[in-house]
Structure formats: C-alpha cells, structure tokens
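Pasting a structure below so you can have a look.
These numbers come from the heavy atoms of this one structure, side chains and all, not from hydrogens, waters or symmetry mates. Keep in mind the model is a prediction, meaning the values are calculated, not measured. Lettering follows sequence order; numbering is per chain, from 1.
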Amino acid sequence: MTELAPRYNPKDTEDRIYNFWQEKNLFAAKANPKKKPFCIVIPPPNVTGILHMGHALNNTLQDILIRYKKMHGYESLWMPGVDHAGIATQNVVERELAQEGKTRQDLGREKFNERLWQWKNKYGDTIIHQLKKLGSACDWPRTRFTMDEDYSNTVKEVFIHLYEKGLIYRGKYIINWCPRCQTALSDEEAQHKDLKGKLYYIKYPFKDDPNKFVVVATTRPETMLGDTAVAVNPKDKRYKNLIGETLILPLMERPIKIIADSVVDPKFGTGAVKVTPAHDPNDFEIGKRHKLEFVNIMQPDAKLNENAGEFMGMDRFEAREAILEELEERNLLEKTTDHDHAVGHCYRCHTIVEPYLSKQWFVKMKPLAKPSIDVVKKGKIRFTPSRWTKVYLNWMENIQDWCISRQIWWGHRIPVWYCQDCKDPDNIIVSQNAPAECPKCHSRNLRQEDDVLDTWFSSWLWPFATFYWPKESEDLRYFYPTSVLITAPEIIFFWVARMIMAGMEFKKEIPFSDVYIHGTVRDSKGLKMSKSLGNAIDPLDIINEFGTDALRFSLIINSGQDLFLSKEKFEVGRNFANKIWNASRFVLMNLKEKSAESDLCQVYQKEKLDLASRWILSRLYTTIDKVNKAIETYSFNEAENLLYEFFWHEFCDWYLEIVKDRISDKNIQILIYKVLEKSIRLLHPFMPFITEEIWQKLAPESGSIMLQSIPHLQKQMIDKKAESQMQLVIDLVSAVRNIRAEWNIPPLEKINVILKTADTQSGKLLDENKGIIQNLAKIENLTIEKEIARPKDSVAGVVGRVSFFVPLAGLIDIEKEKNRISSLIAQNENILKNLNARLKNKQFLSKAPKDVVASEKQKSLELEDKINKLKKVIKELK
RNA sequence: GGGCGCUUAGCUCAGUUGGUUAGAGCGUGUGACUUACAUUCACAAGGUCAGGGGUUCAAGCCCUCUAGCGCCCACCA
C-alpha cells in the first residue's frame, strides 16, 4: 500500500501542510482552565526584517517548545508580532526617498509618516511570511504591531505613569549622537569597537610666556576647538604649581585655565588633559564641577558650527586633518603615537557616534532595577545557560539612566506638550491626548514634543502589552507571566532586562520564568553571519534546496554554543529526513494489517516478545524518557542527537533489518508500526512537516499530528536485561562482519561460524537468536558448541563469554592471524593490568563506592576470561 | 581595565552529579546496485582531551597557574 516516493521531497509537502494546519486553526490558543498554560512571546522581528539564520535558529527553538508543550497537554500559545523598529525603518524609507531626490524634511512630518505606513503595509509582512515558511506555529490572528493604536496607548500610559512617579526627566546631557541618523542613541545602541587610532600630543602655550607649553594628549584633536580648560591631577607634582595659570587655546586663541580635578590620571598621556565639556562625558562632569563654559562646536550632522572659527562647515574628520596640519605648521604638534581605543558606533548604520550635548528625555533606572535584581537573585527567573545570570546582574547593578528620546519621526511621539505662550520651558503638559489648553495660562497655542520614543521603550512592554494591558482580560490573567523567553545574548540588555523591569513595575510580576539564550550564528571562519559581511547563508535558500525540516534539524543539532555553519552542514538534516521518510515507506509498504492496532495490548505483552522486539521497545522508551528530560533542560541538541541515534542506528540499522525476513508476521507489522508512529510523534516538534506528512499516511483518521500527544513514557517497557542481551547479539554480528572485512570475504559469500561457550545462558541466548545472527552476518551455518577445538584453517574472535571460529580454508594467513590475536591480547592485558592495580589498591577498596568496586571486579573477571580464550586460540594456531 | 566563553580525531562538535577501554557527524580508506533509503549499507584507520601544578582511591570533568583564540562590558583623554 505504499504511496510514498522513494525520496522525501519537501517542496511537495511543506506549503500544503502549513495551509492544512492553518485551515484547521491548530495554532490557536486561548485561556482554558482545564489545561496548564504555556506561553512564549516572540521576540518581535523588525518590520524591515528579512529572515536570516539567527531568526531561523531563534524561531525554530520557540517552535519546538510550543509544539512539544502542546503535545504534552498544555494550552500552548505563541504570541506573534512585529516591531516598528524606529531608526531602521525610517532609514529604509529615507533611502527610498533619496532615490527620488527627496528628504523627509521635503515631505514634512505628516506626509513622511504616511509614506512610512504605506511602506509598512506593503512590505511589513515579509518577515511574517518567512516565519511561516519555517513552520512557526504562531497564533497569527493575534499578531501585534508595536505601533497599533492600543499598543501606542499602552506606551503613552507607561510614559505618563513613569513621569508622574518622577522617574522620567528631561535635561541637557552628553548622549551618544549618530550624525548620520541624526538622533540620540542610548548607551546600548552605541556599540564599541576597537579601532587603531592615534594619540596626538598638542602644545598649549602659556598666556604669559608663549614659548612655554603644557602638552595635552587627545584622540580627537578636533574637539580642542571647544576646550574651556586643561585639567591636571591635584596631586601631580609636575603641575601642582601651575594650577590656576592661564593658557591660550591654540587656533581659537582663547584663554583657558589650568584646573585641578582628581579624575585625571597622572599616568596617562602627559598627565594634563584638555577639557571639552560639550563633547566628552568625562569633561562634561568636570565642566559642571568647575562651572566651565560649554562650547558646542558641532551641528547635528557632525559638521563644525560657528563656534569652530575658520573650521566652520567642515566635517568632523575633515576638520581633524585640517587642525593637525595647522598645528604642525605652527609647531604645536609635539608628537603622534599609535593608540588603540574603543569607539562607539551606531548600531543601525555603523557610523561613529559623537558624544554630543543635547536636551533629551531620560528614565531613572536605579529604582526600576532593584526589584528586577531581586527576582533573578531569588531564582524566580532563571537564565539558561546559567552564566548569563551574572551578565544580567552585573549590568543591572551598574545601570545608567536610559535616554529614551529620538529625533526621528517614526515611532511613538512623546506625549508631552509645551505652551507656546507661557514662555516657561519647565511648563510641561503630559497627557494621553492632545490637551485643549494650557492649564496655567489657558493658551491654546500648544506644541507637542517633536521627539519620539526609543523603539525599545515600546518593546519592553511586549509580554503584557500584546495582551492589551492595561485592559484586564482572561487571556492576560491566564497566560501572564509567560513561560520562557528565547533570544540571543546581545538582546539581554536591550530587551530582556528591560522587560523584567517593566513587568515588575507595571504588572508587579515577572514577565517570564525562564530565559533561554542561544548562540550566535557564525560562518565557518567564526565571523558573525551578516548581510553586510556578505557571508550569510540565506535560510530560504536552504529551505529551497534541503527543506525546512532539514534546516531546522541541522541548526538545532549544531546549537548549544555559537554555531559555525556552512552549507554542507545542512546535509545532516536532509539525510535524516530522507531516512525517516524511507523507514516510513518501508513500514507502510509492508503493513497489511491496518486493523492490527487493536491487537496491540496482546503484542505488547513483554513475555511474548522476542529479544529484538523487547530491545527496540526498551530503546524507544529510554529515548522518549531522555528526550523529555533534554527538552525540559533546554538541551535541544541533545534531544536531537538522541532521536537521530535511536531512529537511524537502532531502529533502522538493526531492528528493521532484523525483522525484514519476518515482515509478513502480523505482530511484527504492528510493532514496527507502533515504534514508527511513536518516533514520528516524538520527532514532530523538531521536524514538523515531514512528520505531519507521514502521520497522514499512518493515521489519517486521527486528524493532525499536532493534536496527538507525545508518547507516554511506559517505564515497564524499559528492559535493561534485554538491552544487554541484545548487545551480545549485536557485538557478535559486528565481530563476524569485521572478520569478513579483515579477510576480504565478499559480503554475499556465505560463511560458517562455530560458536564455543561453556556459559549456558549465552549459549541459549544465541541459539534463540540464531536466525537473526545468520541473516545479519550472512552465515550459512551457525553451530553452537560447549567445547570444541579450533577448527582447522579458521580465524577466531571473542565476544562476551563466547569464542567463535570462522573456517576459511585457503584464505587464511597463519602469521597475520597470530599477529592479530596477539595484539588483541596485548590490548586487553593492558587494560586488565590497570584494572587489577586498582583492585589491589586498599584505598580504592575502602573509599570507592561498593557498586563501583563490584563492577570493576566483574570487569576484571570478564577480561581475564576473554584473554584466556584468546590465548587458547593462539595456542591452537599452529 | 574588568567579566565570560572556548581549546577533545584531519574538520565541526557532544561528553550530565568525577567512576569501564573518551563518543558522534563530516571527511578519509576498503568493500557493496545485498535495497525502504547510494541523501544508502558494512568495516576500518585516526585522540599523550592546549600546557604546567594541585585535590582525589579515581580527573576530559574539580582547584590553580600559563599560553592561544573569541565574545561582552567599561569615560583612561
């Protein structure tokens, strides 16, 4: 009754299967008091997102858990959504505009926003379609967007709450400024990269004696135009008596004072540091302490402004060169040395960011951090792998205030209005909706804050805002706190930590109990895979060539640490899928008794089963048990290894081969059917498409595989005795095959094998499984003797307590055989020597646990027996 | 400057709480159209577990030092 092609073809099945799931509404979940909830909120991909390997890994992991938990009886919800990704999206649309020769300013805020929405409506679903290609079992009708109306209201609500609590403030500070995106960034959004830079030593002459100097060292000479002091350490003897003296800032010819401040490190550079309060966070603090002037020399696009004198209009790096040239001309550049230092880069466009003085909005983080530190320390939220706990805590304990305002137009506009008539900059009106008038002067001339909020200021609300909080709902009560959050390491600060803080602040509860941090996807050289590096493997290409299940399986089996991927690595998954397919094909081909299922209980009576069947069932249930445990501990690669090993190397390589010649036996058919269908169910969370396709052939009447349960663990089927007995059979077959290969006996040429064992148990066991052994090792005649001399012209081996001989008239080379056996003896004697030394050691005997000692003794006896048998063989070899 | 991770077969990696003779996949070699699957099957070769020191009856695993690689954080201009 086979209907299966000889090869698995993912293209024939995947879209059809996915549609089938969707039509049957199998991804939907809702509050169900009869079941336990399991919920994952998706890390919302950017609306500009295009599926990359990181997404593929991240979402496969989530999908595995969602499907697994559903099949484990949970009400399993995967909440999907998309992030508006302020800067990234605005950049995309601005690039589009640039092609038309326009800027966003040309359009104006309103028109530009219309354009952004148009873009979103046209392209914003791309990533969702791609997630569907991956097989993601998200409850799609719930899909949320961080700029949906409800969601935006939640964001405003939260802003107002924090403002009223005194946790939001506005002020002029040094922030990270991206001159290309022309917006402020948070500390996390400025990524530090080590650059090979230079340290320039510049002479600042004394006002009173232009021939004498103080030399300062700087990496950014252009900022000297904004210097308003030179600072030295008060304890520095070299400069002590110069404190208070006046220098002339070269180029600007401005008098500046030498001041003393203890932050100056006397060991760095010359021990004298130029102070630029408007362009360096350190200097900003010094400036405040010493009431210095704050001279901003830059425009938002990093070109120098009117405060830069003759350098006005130059770009910052152009100015750097010009300034150095001029200093050199004037003989004020003492020297230049190489200097490696970390420089911040915009995480969206990779432009070097500028420390820039500007008025921004901030959230005070320390009060929010405290409860979030506690819940992790108390273990209410657990990180896996656990080492990330420390990373989280370290960041939380040193948390800085969060700059949340962005000078872009795509995002949640800050719900703040200023009265244009009050002329009081501190008169801030914070409100959900546009206020009608100024509460102080009743003027209607109000203006909303231009800035929008950091994208992460909306995504930190994700675990409850997606459920329409602050509205109460059954779903929110049922699914919150969610179960586990799965993400990449670099997202811990951006998102995970902040979600925990938001959860504790607004819901007074943790947002999730587990955080699983997966590795980074790298190429085979270890570089992070990215489009800009051109080293990315496109998951959709892999899906196209190998299939989605192959992509998923290969990714997960390589996960655990960082993943080093190359295209060839996806062959594992493809080959395994094909193996599953063909094993199923074989089973279905031979399954005549479809009704046989009803006889299952009878078949399952252990005492009625042959050894191999007891063995495969024991292996199956052991695997089920271990896979369950692996998933519960987030050891996904371990789970896949277990499944791979069991299905391929135990079920296919041994069991199916063993039963092939008895395939007409009804009970055998039932057994292979049952082992297969249980394996398919257990495999489903990992390889959803192929398992559904096969399931539809195995049990079409039952609906989708997604509605089935993970096979129930039946401990009584785990049979260690059967496993060790079967091992003897396997070892014997392998040993005979080895001899065939060793002596170049063609695979099809039948041979005779004589077993010799005084151990009646082994003898009986092997006799009972004679047929299997003969078949698998292609043996014509297998005879079992209690005592027999080595047959003439035979080679020998020892397995367990059994010797065996293979007569090979004419083929045997006595010397070769002698050497082979001798080296076997030597090998074993070596092991025995170590073992016996241990067993003679009084310390070992007294201190090691009894069972260890006992098993070592047992081993010693077995080895001795084996060596004796081998020695006997060699003796007879004459 | 702190913190973390990695170093195990030619390559990529597993290796639970310390307990046999350290495993897998790929690659390599040999053989096979034996077929549910050549995206297959059988067999094999290949490792002083980065190095030193320590704890222990027992160390790939625990402690310590060293070296190399990688990542993260940090205001040394």
One character per nucleotide, please: for nucleotides 25-33 of chain B, 5' to 3', B when the base has a protein heavy atom closer than 4.0 Å, S when only the sugar-phosphate does, - otherwise. S-----SS-
Between A:S554 and A:L551, is there a donor-acceptor pair closer than 3.5 Å when you use the side chain of the first and the backbone of the second?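 The answer is no, because no donor-acceptor pair under 3.5 Å joins these two groups.
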Can you tell me if NZ on A:K193 sees more than 12 non-hydrogen neighbours from other groups inside 6.0 Å?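 Enclosed: over 12 neighbouring heavy atoms sit under 6.0 Å from NZ of A:K193.
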Which residues in residues 828-837 of chain A have a heavy atom closer than 4.0 Å to any atom of RNA chain B?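 Output list: A:I831.
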Ion pair present between A:E862 and A:R801, side-chain N to carboxylate O less than 4.0 angstrom?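 A salt bridge is absent here (no side-chain N lies under 4.0 Å from a carboxylate O).
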Scan residues 645-657 of chain A for pairs that pass side-chain hydrogen bond (donor to acceptor under 3.5 Å, both in side chains), counting only residues two or more places apart or in two chains.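 The answer is A:S613-A:Y655, A:R619-A:E650, A:H649-A:D653, A:E657-A:K660.
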Any strand counts, and the cut-off is 3.5 Å on both contacts for Watson-Crick or G-U wobble. Which nucleotide pairs with B:A22?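 None - no nucleotide pairs with B:A22, as no candidate has both distances under 3.5 Å.
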Applying salt bridge (charged side-chain N to carboxylate O under 4.0 Å, His left out), can you list everything that pairs with A:D283, at least two apart in sequence or on another chain?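 Expected list: none.
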A correct 5'-to-3' footprint of nucleotides 3-10 of chain B, with B, S and - meaning base, sugar-phosphate only and no protein heavy atom under 4.0 Å, is SSSS----
Gap separating the CG atom of A:N558 from the CG atom of A:L57, nearest 0.5 angstrom: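 Those atoms lie 10.0 Å apart.
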Parallel under 30°, tilted from 30 to 60°, perpendicular over 60°: which one fits the rings of A:W395 and A:F493?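 The rings of A:W395 and A:F493 lie parallel, inter-plane angle below 30°.
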Counter-base of B:C71, judged by Watson-Crick or G-U geometry with both distances under 3.5 Å: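 B:G3 - that is the nucleotide pairing with B:C71, both distances being under 3.5 Å.
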What's the closest nucleotide to the side chain of A:F493 if the choices are B:A36, B:C43, B:C73?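 The answer is B:C73.
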From the options B:G19, B:C76, B:U20, select the nucleotide whose nearest atom is closest to the side chain of A:P849.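 Per side-chain heavy atoms of A:P849, the pick is B:G19.
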Counterpart residues, ring pair (Phe, Tyr, Trp, His ring centres under 6.0 Å), relative to A:F646 (two or more places apart):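 Partners of A:F646 under the ring pair (Phe, Tyr, Trp, His ring centres under 6.0 Å) test: none.
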Value in whole Å for how far the C1' atom of B:A74 lies from CD1 of A:I399: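 Taking atom C1' of B:A74 as the reference, CD1 of A:I399 is at 15 Å.
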